[in-house]
Amino acid sequence: MSLPPASLANSVQQRAIRVLPDDVASKIAAGEVVERPASVVRELLDNAIDAGSRRVNIEIRGGGRELIRVIDDGSGIPAVDMPNAFLRHATSKISKADDLWAITTLGFRGEALFSIAAVSRTTLASRPKQSPAGHEITLEGGKFVSQAARGIPAGTVATVRDLFYNLPARLKFLKSAPAESAYIAGLVQQYALAHPSIRFMLTSEGRPTFQSPGNGELREATACVYGAEVSRSLLPVGLEPSDDQEVTAASPDGITVYGYASPPAVSRSNRSAMHFFINSRAVQSRMLQYAVEEAYHSLLMVGRHPISIINVTVDPSMLDVNVHPAKAEVKFRDDRATFSAVQRAVRSSLTAHVPAPVYGSRSNEGWALPSGDGEPTAPPAIDWDATANVPPQSSQSGLWSEGSRPLPDAGIEALPPPPPRNLPPLRVIGQVGTTYIIAEGPEGLFLVDQHAA
Ligand code: ADP
Ligand code: MG
C-alpha cells in the first residue's frame, strides 16, 4: 500500500476548517452563475424579459469582457429598491419555498445581479414609467461605489464593465473576443427565437450585428436567424389552428408542443440548430434532442441533424427549474410524457408534410415529390450561399431601429436531389412504416427504401 506524499499528508493535517471571508464566498458563488460574458448577457436578458420589455438592446465590446450593456423598456426598478437588487438571494419574483413549484419568470434565485456585480464594475440605472426621475447605482467587485438620480427613459440600463477584472484566473479560461462575441450572438438569437414578440438588437464593437422583428411571428424570428429560405422551408410542428398562424398541440398530460422543424432535405452536421424552450426558457436537453431525432428516424442520414425550434409548455408544478445554477437545465416530473409529446408532435408534422414519394406512371424519370398539378418535380434546390448574407431589410436608425437581419450561417446544407433512376413502370401497392414502398413491376415485387430513393 502506498502512502500519500509527505507534503500532502502534512497539508491535510495542518489545515483547520474555517468559514471563508465574504469576498471569497461571493466569488465562489459568482463562479457558478457567471462563467463567461455570455452568462452575464443571459442573466440581463432574463431580467429584461421578466420586466415585461418589448424592446431589448444589447451592446458589447471586447467580446463582452470590456463592456456589456443591456437596455430595456420594461417595468423599471423603484429607486428605494435599487440597492436591494444587488443583495444575494434578493428577488421580487418569489417569496416562499412553495413558489419554486410555480415559477413563471425566468429569474427567481435573486443571485444574478449579486454575482455579476461581484466580478465586474456594474452600473444599474432604472426608471419605472410612473417615476419622474431615474436612479443609478454603481458597484465594483461587489462593493458599493455610488448612487445618484439620473434622467433616463423608462426602463432599465445595466452596464457591466471589466468582467473578471478581480478574478484573473477566470480570464485565462475565456476565448478570444470574436469567439466570446459569437457565443453572445448565438445566445441573443436563441432569445429571439424563444420570444418572437420582443425585438432584440445586438451591437458588437459598435456595429449592429443582429436584429429580430419582434412582431410575434416565430417564423419571422427564425428567418432572422437562419435566413428567409430556410425559414420558409420549415414545417410547422403541432396542429394547424384555425387562424393558420401559430400551431399548437396539447397532449392529454397538458403538455403543449409547438414550433418548427426542418424537412429531411434540410439538415446540419451538428445539433446547434436544435432549440428547446420550456415555458419560454431556453434549456439544454439531451432527452428532447433524442425525442426529435427519434421522430426523424430513418429520414436523416447518420451524422445529420435537423433544425428544430420546439416550445414546450407545461404546468410549472410539473417542472423543477432549480436544478442548475444558470437555469440552463430543467427536470421534468414526467420525463416520459414530455419525451413522447415532443416526439409525437414532430413525427406527425413530418408524416403530414413530407409526402411519400410516388412513381410517375407516365414516365420513367424516377421517384419525385408530387407537385400540385400531379407532375413529378424534383425538390427545389436552395442556394444557401445566397440566403446566408441577406442585407438588412431596412436602415438601422436610433436606439430602437426597424428591420431585421440574419447572421451569416454556414452550417446549413441541403442534401442534393437524388439522381434520376431508370426503373420499369411500377404500381405502388403499399407502404411499410414511413420507410419502404412496396410496388409491383413486370418482373415481380419491388421493395424501395423511399429515403434512399
Ligand atoms: P432574479 O431575477 O432572480 O430575481 P436578479 O439578481 O437578476 O434576481 O435581480 C434582482 C431583482 O432586481 C429582480 O427580482 C427584479 O426585481 C430587479 N431587476 C433586475 N433587473 C431588472 C430589470 N431589467 N427590470 C426591472 N427589474 C429588474
Ligand atoms: Mg435575474
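Both counts, for ligands and for their atoms, begin at 1 and track the order of listing. These values consider heavy atoms only, across backbone and side chains, with no hydrogens, waters or symmetry-generated copies.
Listed by chain and residue number, the protein N/O/S atoms under 2.8 Å of the Mg ion (ligand 2) are Asn47 OD1, with waters left out.
Side-chain contact check for Tyr191 versus Phe200: some heavy-atom pair is nearer than 4.5 Å.
Without hydrogens or angle criteria, Asp73 side chain to Ser53 main chain gives no donor-acceptor distance under 3.5 Å. Although no hydrogens or angles enter the test, the distance criterion places a donor-acceptor pair under 3.5 Å between the side chain of Arg281 and the main chain of Leu106.
Residue pairs meeting the salt bridge (Lys or Arg N to Asp or Glu O under 4.0 Å) criterion with at least one partner in residues 171-187, sequence neighbours excluded, are Arg36-Glu180.
Phe144 CZ: more than 12 foreign heavy atoms inside a 6.0 Å radius. Within a 6.0 Å sphere centred on CG of Asp22, heavy atoms belonging to other residues, nucleotides or ligands number 12 at most.
Under the rule for a salt bridge (charged side-chain N to carboxylate O under 4.0 Å, His left out), the partners of Lys93 that lie at least two apart in sequence or sit in another chain are Asp50.
A side-chain donor from one of Ser272 and Arg268 sits under 3.5 Å from a side-chain acceptor of the other.
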Tabulated below should be the N or O atoms of ligand 1 paired with protein N or O atoms at under 3.5 Å; can you produce that?
from: ligand 1; atom 1: 2 (O); to: Asn47; atom 2: OD1; distance (Å): 2.9
from: ligand 1; atom 1: 2 (O); to: Lys93; atom 2: NZ; distance (Å): 2.7
from: ligand 1; atom 1: 3 (O); to: Phe108; atom 2: N; distance (Å): 3.0
from: ligand 1; atom 1: 3 (O); to: Arg109; atom 2: N; distance (Å): 3.1
from: ligand 1; atom 1: 3 (O); to: Gly110; atom 2: N; distance (Å): 2.7
from: ligand 1; atom 1: 4 (O); to: Thr91; atom 2: OG1; distance (Å): 2.5
from: ligand 1; atom 1: 6 (O); to: Ala112; atom 2: N; distance (Å): 3.3
from: ligand 1; atom 1: 6 (O); to: Leu113; atom 2: N; distance (Å): 2.9
from: ligand 1; atom 1: 7 (O); to: Asn47; atom 2: OD1; distance (Å): 2.9
from: ligand 1; atom 1: 7 (O); to: Asn47; atom 2: ND2; distance (Å): 2.9
from: ligand 1; atom 1: 14 (O); to: Thr91; atom 2: OG1; distance (Å): 3.4
from: ligand 1; atom 1: 14 (O); to: Ser92; atom 2: N; distance (Å): 2.9
from: ligand 1; atom 1: 14 (O); to: Ser92; atom 2: OG; distance (Å): 3.1
from: ligand 1; atom 1: 16 (O); to: Ser92; atom 2: OG; distance (Å): 2.5
from: ligand 1; atom 1: 20 (N); to: Asn47; atom 2: ND2; distance (Å): 3.3
from: ligand 1; atom 1: 23 (N); to: Asp72; atom 2: OD2; distance (Å): 2.8
from: ligand 1; atom 1: 24 (N); to: Thr156; atom 2: OG1; distance (Å): 3.4

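Looking at Glu140 and Lys143, no side-chain N of the basic residue comes within less than 4.0 Å of a carboxylate O on the acidic one, giving no salt bridge.
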